[in-house]
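Each ligand, and each atom within it, is numbered from 1 in the order the structure gives. Source: prediction; values computed, not measured. The figures that follow rest on heavy atoms only: side chains count, while hydrogens, waters and symmetry mates do not.
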Amino acid sequence: MFDMLLPAPPDAILGLTDAWKNDPNPLKVNLGVGVFKDDAGNTPILASVKAAEALILQSATSKSYMPISGAPEYGACVRELVFGVDHPVVRTGRARTAHTPGGTAALRVGADFLRKALPAAKVWMSTPTWANHKGVFGAAGFVTADYPYYDAAGKGLDFARMCEVLETVPAGDIVLLHACCHNPSGVDLDAAQWGIVAEIAGRCGWLPFLDFAYQGYGDGLEEDRAGVLAFAQVCPEFMIASSFSKNFGLYQDRTGALTLVAGSAEVAASAFSNVEIAIRVNYSNPPAHGGLIVKTILTNETLRHQWVGELDGMRRHIAALRSRFVAALAEHGVPGDYSFIARQKGMFSFSGLGTAQVTFLRERKSIYIVGGGRINVAGITSHNMEYLCTSIKEALEVGE
Ligand code: LMR
């Protein structure tokens, strides 16, 4: 029966890593998947994570099942990270958190829960958005719609058009927003703009769902909360998908969380019991290891301090790379103004390269970039910088 199925296309992002691995060209560069790399091109395990793992190894006594929504202490750590210390939403019991296998499972569990809570809702997504968003919400059975976000000509945020469309979203629909480090554009809202969007959500009655996969990679752990805090002020109900792949470097440990905020502790508890059903029928209960690492780091003052330093270091490394890349493009005589790359936040940059140029770079230069022109800035090193700039110069001659 399976021979009826046509082969599925490779994944738009993870498929590039497979192709890159199989590429024999010694000059090959992977600027596809969003993974932090140091200047040697490695993705090291954070020292704080190693130290936490050593502590866990010593103290662990059982590998029995986790609760469906994970350890309560983990949930408390996540809420403090997301909202800050002693936030009223948390203090009053209006926020409940489930430990999920990565940010993707947080989105999928959230989507399954929302499909039950709001079966007639549409899910609105930014243009562009993370390549997997439509897949995740579509797989949960949702119809999706788009709202304007990126202004390709101005290489910035099209805030006016974004708000114009968000004003038309019906009450009870869901709007997916990138809390910081917009993936793929690297273009974010500032605190004042978040306040305006939250006010629209509150007035129109749509449900904000924040994808918070890069906390700490934008302007800092606290600064990156601006969107979350804006919604917490205005909206009685919203949801947050956290990922600890990038900020703790726990990519392969699949560590994330889904936080549900409701108007009262009672509503939060009953709604959350439905989140637990969505988890039980998907994967039963979460894998423990990554959550133990996050909890161990966040509850140990020394490790937490070390981790914050390591996260700040990764953010500064990427910011410095952005400036160096802009300067190197100019030095190599690549035509155009690339100063926008230095203004973007997080791992990604929308390079402005068109489909033909992305294909040329992959096929002729073994430089792997996500379709649409997204590059992972963290994949640039002092060793591949020159090759990258000269190749981009050649690609521009190809035309878009
Ligand atoms: C990315 O956008 O590259 C990351 O979020 C990894 C992924 O799963 O796509």
- Message: Counting only heavy atoms and a distance below 4.0 Å, can you name the residues contacting ligand 1?
- Response: Ile13, Val33, Gly34, Trp130, Asn183, Tyr214, Lys246, Phe348, Arg374

- Among Thr129, Asp188, Asn183, whose side chain to side chain donor-acceptor pair (under 3.5 Å) with His178 holds? Thr129

- Return the set of residues passing ring pair (Phe, Tyr, Trp, His ring centres under 6.0 Å) with Phe113 (not counting sequence neighbours), or none when no residue passes. none

- Item | Ionic contact status for Asp18 with Lys21, cut-off 4.0 Å | no

- Message: Looking at Glu394, I'd like to know if its CD atom is crowded, meaning that more than 12 non-hydrogen atoms belonging to other residues, nucleotides or ligands lie closer than 6.0 Å.
- Response: yes

- Minimal heavy-atom distance between Ala145 and Lys122, with the atoms involved, is CB-CD, 3.9 Å

- Classify the ring geometry between His87 and Phe83 as parallel (under 30°), tilted (30 to 60°) or perpendicular (over 60°). tilted

